[in-house]
Amino acid sequence: MVQTSTPAEVGGIPTDPQATRRRVTHRILWGLAAAFVVLSVFQLGITPQRFTDALPRASFVWDRMWPPAIDDGGALSTAVVESLQIAIVGTAFGILLSIPLALIAARNVTPFAPLSLAMKGFAAFVRAVPALIWAFLFIMAVGLGPTAGILALAVNSTGMLVKVYAEALEEIPMGPIEALQASGASRSHIAFQGILPSVVRLFIAWSVFRLDINVRYSTILGVVGAGGIGWELTRAASLSRYDVALGITVVIFILVMATEAVSQWLRRRVDDDTAFRVEE
Amino acid sequence: MASELNTRALQQVTSESTTPALLSVRNLNKTYPDGTQALHDVSLDIPSGQLVAVIGLSGAGKSTFMRCVNRLVEPTSGQIVFDGQDVTRARRGDLRRIRRQMGMIFQQFNLVQRLPVVTNVLHGRLGYTSAVRGCLGRFPQHEVEQALEMLAQVGLADQAFKRCSELSGGQMQRVGIARAMMQGAALILADEPIASLDVSSSEKVMTILKEVATAQRITTIVNLHQVDFAQQFADRVIGLRDGSVFCDMPTDGLTEDLIRDLYYGHVPQQDEED
Ligand SMILES: Nc1ncnc2c1ncn2[C@@H]1O[C@H](COP(=O)(O)OP(=O)(O)OP(=O)(O)O)[C@@H](O)[C@H]1O
Ligand SMILES: [Mg+2]
């Protein structure tokens, strides 16, 4: 920005008019973005005073958080287990649903080309709707409780897994598939014997990654009433039991960290060649 | 009208030759969607047990011809009759039954790299295997034993339980041959099986193909770039030029002049080649 002339001008070569236009467009966009932020701060009434006013309130809550407490260990561990169950079952449903849909979505294996595009569009739509909104929708459909949470995670996972599975499928070598076709193998034979072995590791890696995400979501789903530990957190907060709220937060923290560690370990194992042996 | 033509062609085939051809191709044409006319009115009869080499310049239509035979490529027109069955008109189920009687060998081997060698050989049986067993890769014991025997025949007995990705190119191609043999096919189609191999591996692969063709009387069609290999191993040589049959004769009838004509004798067309 200190430079007064671009390198292109230094060389005596006139600048590319297209590049100049792009630079102007960028400046306008940045300017608009900055203006929006400033405007929002004023419109929402965010003033330094607001923060200073909040401080005493925050320190009041903070003081009552310590020491973190576990109020009802039995209920809490049930909730933890329920969260994990929601995450695991939701992921499992998501995987089961995503594999056939990805086989339709992947350009190179789809039975009917226009379906591929439609399926990708559908997955993009499902992905675009956040998990919590799915949870609301399913609570309306099936009522409060873990079922809504499971369905929300299953659908939300499908949006992502169809995309990443399809991308993995689109990378597979087509030669072996052609060879199986040429030998008279059926479509299902080809899917299991020709396609699956090439993608199974990527599928597992993505699925484990998704499980990781879903455990995070499952801890928060309870806040809207879709089962699991989030509900305990909401309850503690509404009873002003801030020490219990912190205790539950610590448990959630441990849960999420543990999941991440397990998921990383699993993914490393998948990467390790010897971890995969095809049974005879 | 088309069917009338087809039946007439079929009658012609069966009445003309005393030993009915295993594969009979009539007026085969293939024009790709982009307008490339890859095959032009190809007619051939191939009797049982022959090893036929198909030679010609790159782009002459060798692969297209071979892939029309098992309909990996859909012919535009013409008729292909294999062992009395009309390949060109076969619907999905029939086509699968026809395909399992034709083994195919590819330049790039086309093995499933992540699976063990023996599983790849067993893939040759998928056309005969039920959906569930095939999907799970559970082949009957006698087929597993047969697969190991096939591997021994191509000199890979000790590699059976390795992953394919751990093999050399020449070894992979021998697995490809074992897979095709595993089908128990009457016809083997080999599309440039040695184009990615060094000379000694090429010799080995061609020798095995020759043995299979003679000992088991499996008709074999091999697309080849190397004329010397064609002359050394084939009973008959078919030269394709610009999608048409340029010459078709027993191997010893192939003269230097013919070869020169086949490969260099079409200067006007040169521009259209890649
Ligand atoms: N899928 C396709 N779409 C359009 N044109 C094609 C397609 N496949 C092949 N062709 C064209 O058809 C002609 C014959 O191709 P083919 O692959 O059969 O030749 P070939 O004799 O096997 O050549 P090579 O020795 O290089 O393998 C070529 O001009 C090629 O460009
Ligand atoms: Mg070719």
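Within every chain, numbering begins at 1; the chains are lettered A, B, ... in the order of the sequence lines, protein sequences first and strands thereafter. Being a predicted model, the structure only gives us computed values, none of them experimental.
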Peer 1: Taking side chain as everything from C-beta outward and backbone as N, CA, C, O, which of these in Pro197(A) sits under 4.5 Å from a heavy atom of chain B? Side chain, backbone, both or neither.
Peer 2: both
Peer 1: Contact part of Gln108(B) toward chain A, heavy-atom cut-off under 4.5 Å: side chain, backbone, both or neither?
Peer 2: neither
Peer 1: Taking Asp94(B) as the fixed residue, which of Arg91(B), Arg97(B), Arg92(B) is the one that meets the side chain to side chain donor-acceptor pair (under 3.5 Å) rule?
Peer 2: Arg97(B)
Peer 1: Under 6.0 Å from the CZ atom of Phe136(A), do we count more than 12 heavy atoms belonging to anything else shown?
Peer 2: no
Peer 1: Where on Met102(B) is there a heavy atom nearer than 4.5 Å to chain A: the side chain, the backbone, both, or neither?
Peer 2: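 Met102(B) touches chain A through backbone heavy atoms alone.
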Peer 1: Where does the angle between the aromatic ring planes of Phe203(A) and Tyr165(A) fall among parallel (under 30°), tilted (30 to 60°) and perpendicular (over 60°)?
Peer 2: parallel
Peer 1: Given heavy-atom pairs under 4.5 angstrom as the criterion, report whether the side chain, backbone, both or neither of Ser165(B) touches chain A.
Peer 2: neither
Peer 1: Report which part of Leu72(B) has an atom under 4.5 Å of a heavy atom belonging to chain A: side chain, backbone, both, or neither.
Peer 2: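 Leu72(B) touches chain A through side-chain heavy atoms alone.
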Peer 1: Main chain of Thr31(B), side chain of Thr76(B): is a donor-acceptor contact present, judged purely on distance under 3.5 Å?
Peer 2: yes
Peer 1: Quick one: what part of Arg133(B) sits under 4.5 Å from any heavy atom of chain A, side chain, backbone, both or neither?
Peer 2: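 Neither part; nothing is under 4.5 Å.
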Peer 1: When heavy-atom pairs shorter than 4.5 Å are enumerated against chain A, which of Cys135(B), Ala180(B), Gly134(B) gives the highest number?
Peer 2: Cys135(B)
Peer 1: Quick one: of Ser186(A), Ser188(A), Ala191(A), who has the most non-hydrogen atom pairs under 4.5 Å with chain B?
Peer 2: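 Looking at each option in turn, the highest pair count goes to Ser186(A).
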Peer 1: Can Leu153(A) and Tyr217(A) be said to form a side-chain contact (heavy atoms from CB on, under 4.5 Å), step by step?
Peer 2: CA-CA 8 Å; Leu153(A) 289 188; Tyr217(A) 276 145; 3.6 Å; yes
Peer 1: Hey, is OH on Tyr32(B) packed in by over 12 heavy atoms from elsewhere, all under 6.0 Å?
Peer 2: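 Enclosed.
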